[in-house]
Each structure stands twice: as C-alpha cells, then as structure tokens.
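Comments concern the structure below.
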Amino acid sequence: MLAAKSLMVADAANKCAPGLPANFCHHHETTGCVAGNGLFCFGWAADNFDRYVGPFFRHFEIVAISVVAGFVIALALALYSHRHRALVPPLLGATGVLYTIPSVAFFFLLLPITGLGLWTAVIPLTAYTLQIIYRNALAGLSNVPADAKDAGRGMGMSERQLLRRVELPLATPEIVAGLRIAIVSTVAIATLAFLAGAGGLGDPLYAQPTFKTNIIMVGVLTIAMALILDLIVVLAQRFAMPWQRARSR
Amino acid sequence: MGHAEALSVAFQKATKVYPGADHPAVNELEVDVPAGEICVFVGPSGCGKTTAMRMVNRMVDITEGDILVGGTSVRERSPSDLRREIGYVIQQTGLFPHRTIAQNIATVPGLLGWDGDRVEARVRTLMQLISLDPDLADRYPAQLSGGQQQRVGVARALAADPGVMLMDEPFGAVDPINRERLQNEFLRLQAEVQKTILFVTHDIDEAIKMGDRVAILREGGILAQYATPAELLMAPADDFVEDFVGADRALKRLALLRVADIDLWKAPLAFVGQATAEVRAKLEGAEVPHALLVDSERRPLGWLSETDLQQELVPATPDISPEPVIDRDDVMRDALSDVLQHETMYAPVVDAEGRIAGVLSVEIISEFLGSKEALSEEHAAVERPTE
C-alpha cells in the first residue's frame with residue numbers, strides 16, 4: 001500500500017501515466033499510447049529498442065552455453081550407454097528427475113552455492129536439456145536399421161568405425177530433433193534467468209510487467225530468437241544430410 | 001579381368017551352442033566346400049543354416065570344432081581382418097542409406113585403406129560387372145529399385161575381390177520375377193568371377209538351381225544330407241530330406257535336365273508333294289504314330305491328319321499345328337509344361353537352326369524318370385547358362 005502510494009507520487013512528478021515508473025517517460029512520448037498503456041506503442045518501441053539489445057544478447061549467451069553444454073554431456077552419455085545398455089534406465093531416471101525440478105526452485109537451490117550470476121542460470125538450463133537430448137539420441141541410435149549394422153560389422157568395421165560411419169550419421173535426424181526441442185525450450189525458460197541474477201530478456205520483462213508494449217517486445221524477441229536458432233539448425237541439417245532429401249523425393 | 005583365387009571352406013565338426021540354450025544351434029557340422037563352388041545351406045527355419053554361415057566370418061563365434069578358410073582356421077584370425085577378406089551379402093541388402101551407391105560399394109576398399117584412384121576404378125568395374133548404369137553411382141540406395149539395391153549389395157561384397165562370399169537369402173526380399181532374373185544374372189556373374197560361395201536359403205527350388213552342392217540341415221543344426229542337387233533329388237538320404245525336397249521331386253529333377261540330354265523319338269517325316277502312300281508305309285511300326293510335315297530345310301510345318309493322308313499327295317498346309325515346338329536347349333520342366341499346356345502327346349524338338357531333332361512325348365519323360373539312366377551323374381549335370 002505504501003509502495004503504491006510513493007509510486008503514484010513519483011508518477012505525478014514526472015507527468016508519467018499512472019502505474020508506470022518514472023524512467024518510462026524519459027523519451028518524447030509521455031502521453032497517448034504509452035500513457036494509456038496501448039496494445040503496442042510503435043513510437044516508444046522504436047525509441048526504446050536499445051534497452052532490449054543488451055538483454056537479447058545476454059539471453060542468447062545463456063541459451064548457447066546451456067544447449068552446447070547439455071548437448072555435449074547428453075550425447076556422450078548416449079554414446080556410452082548405447083554400448084553399455086545397463087546404464088540406460090538409471091541415466092533416463094536421473095535426467096528425468098533433473099527435468100522435473102521447477103526452474104525457480106532450482107535457481108534458489110543453487111543461489112547459496114554459486115551466487116547470483118550466469119552459472120546459477122546455466123546449470124539448471126543445461127540440466128533440463130539433458131533429458132530431451134539424451135532420450136532422442138538414444139532413440140536415434142537404437143533405431144539405426146539392424147541390417148545396416150549387421151552389414152557394417154560383417155564387412156569388418158570395428159565398433160568405433162561402425163559408430164562413426166554408420167550409427168551416428170543414421171541417428172543424426174533424431175539427435176537433431178532433440179536438439180531443436182532443447183533449443184526452443186531453453187530459449188523460453190531462459191526468460192526466468194533474471195531470477196538467478198543472470199539477466200537476459202527476463203530483465204526488461206519483469207521490470208515493467210504491466211506495460212503491454214514491453215511484454216510484446218520481449219515476447220517477439222524471444223520467439224524470434226527461438227525461430228532463428230531453429231532455422232539455423234534445420235538448414236545445417238539439410239546441408240549435412242543430402243541423403244535425407246534423396247529419400248523423401 | 002583378374003580375380004583373387006577362390007578359397008576352399010571346410011567345416012570341421014563346427015558346433016555352436018548359444019549361451020543358455022539346451023541344444024546346439026549348429027551341431028558338429030562337417031561340410032567341405034571346394035574352391036570356386038556354390039554351396040547352398042537350406043532347411044526349415046531354426047535349422048541353424050544362417051548361424052552356420054555366420055560362423056565362417058566369425059559373426060557368430062564357434063563353440064567347438066573349427067572352420068578352415070583356405071586351409072587356415074578362422075579362430076586364428078582377427079574378426080575384422082577375416083571379414084574384410086570375405087564378401088558378405090544379406091537379405092535386406094544392408095546398404096547404408098546415408099551413403100551413395102559408389103560409397104556403398106567402396107566400403108571394404110575404404111576400410112582396407114586403398115587410395116582414391118584405385119577405389120574409383122574398382123567401383124566403375126563393379127558397376128559394369130553388375131550392369132548398373134554408371135549414372136546411378138551418385139544416387140542413394142532409396143532411389144534404386146529393390147533389384148538394383150540387391151545387385152549393389154553383391155557388388156559391395158565383391159569390392160575387395162574376396163576369395164569367399166557369404167550370401168544370406170540374398171534374393172529373398174525380391175519379387176518372384178525379379179528373383180529369377182537376379183538368380184540367372186548371378187550365375188552368369190559367378191561363371192566369370194568363380195568365387196567360393198556359401199549361400200543360405202529356405203527355398204529348395206532356389207537351392208537346386210543355385211547350388212553346385214546343397215547341404216540340407218534339419219532342426220538342431222544337424223546335417224541331413226550334403227550332395228549335388230541331382231543326388232539329392234534322386235537319392236534322398238532319409239525321410240526328412242525326401243519330405244523337404246518335396247513330393248514333386250520327380251518334377252524338380254526335370255529342372256536339372258535339358259531336352260538335349262535324353263534320347264528322343266523319331267517321327268516319320270513327310271515332305272510337301274510327296275506321295276501319301278509312301279508316308280503311310282513309314283507310319284507302320286513307327287515310334288510316333290503320326291507323320292510330321294517338314295519343309296525342305298526339315299523345319300516342322302505340322303502334323304498330318306487322317307484326312308491329309310487320304311489325299312494323293314501330301315498337302316502344303318497340314319490340318320494339325322506343330323505347336324508346341326520345343327528347343328533342344330530347353331529345360332525339361334519347361335518342355336513338359338509346354339506339352340501339357342497344348343494338350344498334345346507329342347512335340348517336335350528342334351535345334352538352334354529350327355531343324356527337327358526328334359520328338360518329345362509325355363511317355364518319354366515318364367519313362368525317363370523311372371529309368372536307372374536318370375540316376376546317373378552324366379545326365380544330371382546341367383550346363384549352367386554362361387552367356
């Protein structure tokens with residue numbers, strides 16, 4: 001109640017729309033769209049775009065580190081447990097448990113250990129990708145046609161050669177499918193990284209959670225990042241796997 | 001084109017017992033395959049024929065006994081080295097879907113570390129050998145027909161010029177018409193490359209057609225009989241073999257024979273314009289009680305009917321068509337089928353120039369099947385198509 005009262009006072013002093021903090025009115029437009037908290041204020045968005053650039057690249061940094069780390073760990077686990085099948089159930093269980101921890105709780109659990117900052121966000125986000133990528137990679141490796149493996153071994157490939165020349169290439173579509181899900185979901189969850197003090201697009205979002213233009217800006221940028229990253233992966237996959245196109249012809 | 005020497009394969013009481021199994025999958029198998037021959041393993045499912053074949057390249061490890069390839073025990077070889085020296089063809093082709101046809105064929109040369117030029121030349125040669133359009137080299141397996149894929153599988157197995165080839169139901173997944181063609185093509189190819197081939201099938205007809213020798217296995221991996229196809233058909237070792245070969249084994253025997261292999265009957269020949277009285281005289285006591293009209297080159301024109309013979313001179317157009325006219329080189333089974341289909345008793349047999357060589361009758365065939373002569377090796381050895 002007290003906080004609301006002081007906010008109102010500040011608003012009045014800045015001739016800013018009620019309910020909006022003073023720093024929102026530091027550019028030209030103090031009335032009209034912004035004052036009325038319209039659906040999307042183009043003028044304001046254009047003028048204030050710079051306030052999103054930093055968080056956008058920070059967001060990308062968080063996503064990139066988490067997905068790359070998760071991909072490396074999950075793929076290594078998948079390759080190892082593919083040859084040691086007894087490890088599959090415990091690994092599926094462990095990554096599954098990690099996946100079910102609520103992200104906010106995960107951040108707060110880590111805070112006393114890693115403190116506010118990038119790593120407190122990256123560790124849970126990495127942990128979330130494990131289940132997705134591991135499960136897909138494992139399925140991809142298991143779905144490699146038995147006859148292709150039999151032929152490879154029968155022609156004298158060692159287990160390592162078989163993995164590199166036959167199993168991995170043939171499992172790639174499913175591995176990539178897992179990677180894509182991991183990327184998109186990490187881009188989304190990373191909007192909570194500000195709770196861990198890591199920044200990202202969550203910062204501007206939660207700074208003014210009632211200002212519609214702000215919410216839409218963050219939303220659009222988040223979706224754009226997810227789509228662009230997804231597109232890059234899809235194009236890379238197409239380029240790397242010409243045989244897939246050949247098959248669908 | 002030069003080929004590496006084919007190697008003999010000798011199973012010496014080779015036995016496989018899978019862990020936890022009560023009975024061996026392959027039980028003291030003794031089979032000697034001479035270099036350059038096709039040996040077919042055939043039997044009902046669960047007879048261990050595939051297991052026996054896979055023991056040769058150690059895809060299945062031998063529990064007891066041994067297998068010698070070119071006189072050397074496979075147990076003394078590293079599995080990878082051994083496998084690279086033995087061609088391997090499987091039913092579902094096992095082609096790598098992510099590699100082009102040329103890359104697939106080049107698999108073993110690649111593993112052996114051949115240089116690029118040599119691999120490329122070898123791939124070209126092999127694609128020619130299996131008569132595959134060179135333009136297909138850069139396609140992926142999914143873009144080829146089933147028959148083409150199967151041929152690529154064979155080419156891939158031949159790539160490093162192995163002394164021995166293992167083929168597990170290689171034509172099993174192909175439709176019957178294409179299978180027949182692939183089989184014939186393969187026999188022609190084998191006439192050229194002369195590999196030692198271990199061929200697994202569940203189809204006794206395929207075994208008889210493809211095999212120089214056939215090993216029939218029964219459940220429990222026990223060898224029931226190892227013999228040439230002819231011996232198998234004429235002297236099955238026991239009831240199991242007799243059953244497996246089938247109630248129609250007499251007919252199958254006909255698949256091993258060519259018309260030229262048996263003694264044909266002679267029909268009285270008649271020429272256009274000849275006096276019918278002369279022809280009637282020839283008919284007395286003839287093997288075939290009908291006169292066959294032939295032209296001046298002795299090519300059959302038709303059979304003379306009673307009405308034809310009522311006339312003064314032999315007419316130019318006989319009442320009865322000569323069909324079916326059978327080629328001397330036809331397989332007996334096909335010839336019999338022709339005769340039965342035309343519902344005739346007799347069929348003229350002609351040589352390559354179309355001149356009459358004799359007459360085939362249903363009677364000759366049934367007599368032949370019952371005769372001792374049919375049991376002799378000489379008649380059973382059918383020339384394989386070599387062109």
Side-chain angles (χ1 to χ4, degrees), chain A residues 75 78-79 82-86 136-180 233-249, chain B residues 50 53-54 56-60 77-101 103-113 136 138-144 149 152-154 156-160 162 165-170 172-173:
Chain A
L75 194 63
L79 290 179
H82 177 56
R83 290 280 186 258
H84 303 86
R85 300 301 295 191
N136 272 273
L138 206 61
L141 289 168
S142 308
N143 291 346
V144 171
D147 62 305
K149 287 191 281 189
D150 186 62
R153 288 199 180 97
M155 285 187 290
M157 286 187 185
S158 65
E159 287 303 298
R160 180 172 297 205
Q161 284 168 329
L162 189 72
L163 189 66
R164 246 199 42 210
R165 297 176 190 217
V166 179
E167 292 181 293
L168 262 182
L170 290 178
T172 303
E174 275 163 284
I175 295 175
V176 170
L179 180 64
R180 289 173 62 187
V233 174
V234 171
L235 290 178
Q237 180 185 18
R238 282 219 177 166
F239 180 75
M241 290 186 284
W243 55 278
Q244 278 242 304
R245 268 174 292 156
R247 176 144 58 182
S248 57
R249 253 209 295 267
Chain B
T50 298
M53 186 203 82
R54 289 164 72 91
V56 175
N57 67 350
R58 295 193 58 182
M59 288 294 279
V60 169
R77 306 288 315 275
S78 99
S80 297
D81 290 348
L82 183 71
R83 290 171 193 168
R84 289 169 195 181
E85 288 167 25
I86 295 179
Y88 190 61
V89 184
I90 56 178
Q91 180 180 348
Q92 310 81 350
T93 77
L95 292 183
F96 302 136
H98 61 299
R99 317 202 88 199
T100 63
I101 299 311
Q103 288 170 338
N104 264 288
I105 294 176
T107 304
V108 179
L111 291 171
L112 292 172
L136 297 179
D138 295 325
R139 299 278 184 86
Y140 290 94
Q143 295 170 296
L144 268 57
Q149 290 183 23
V152 173
V154 172
R156 183 173 69 172
L158 282 168
M165 298 248 288
L166 306 180
M167 305 179 81
D168 189 2
E169 305 225 12

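Because the structure is a prediction, the values reported are computed rather than measured. Here is the naming used below: chain letters follow the sequence lines, and residue numbers restart at 1 for every chain.
- Residues B:H98 and A:R165 approach most closely at NE2-O, 2.6 Å, considering heavy atoms.
- Between A:G152 and B:F96, the closest heavy-atom pair is CA-CZ, 3.8 Å.
- Against chain B, the residues from residues 142-149 of chain A that qualify, each with a non-hydrogen atom under 4.5 angstrom away, are A:D147, A:A148 in number order.
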message: Would A:M157 and B:T107 count as a side-chain contact (heavy atoms from CB on, under 4.5 Å) here? Give the steps.
response: CA-CA 9 Å; A:M157 286 187 185; B:T107 304; 3.6 Å; yes
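- Comparing B:R58, B:Q92, B:E85, B:Q91 by how many heavy-atom pairs each has under 4.5 Å with chain A, the most go to B:Q92.
- Across B:L166, B:I90, B:N57, the residue that shares the most heavy-atom pairs under 4.5 angstrom with chain A is B:I90.
- Counting heavy atoms of neighbouring residues, nucleotides and ligands inside a 6.0 Å radius, atom CZ of A:R160 does not exceed 12 of them.
- Counting heavy-atom pairs closer than 4.5 Å to chain A, the top-ranked of the candidates B:V108, B:L82, B:L111 is B:L111.
- Rounded to the nearest 0.5 Å, atoms CG (B:L112) and CE (A:M155) are 11.5 Å apart.
- Between B:R156 and A:A151 the shortest heavy-atom distance is NH2-CB, 3.4 Å.
- The two residues B:Y140 and A:P242 come nearest to each other via the heavy atoms OH-CG, 3.3 Å.
- Atoms OG and CZ, on B:S80 and A:R153 in that order, are 11.0 Å from each other to the nearest 0.5 Å.
- Closest heavy-atom contact between B:R84 and A:Q161: NH2-OE1, 3.2 Å.
- For B:R54, the part sitting under 4.5 Å from any heavy atom of chain A is the side chain, from C-beta outward, and nothing else.
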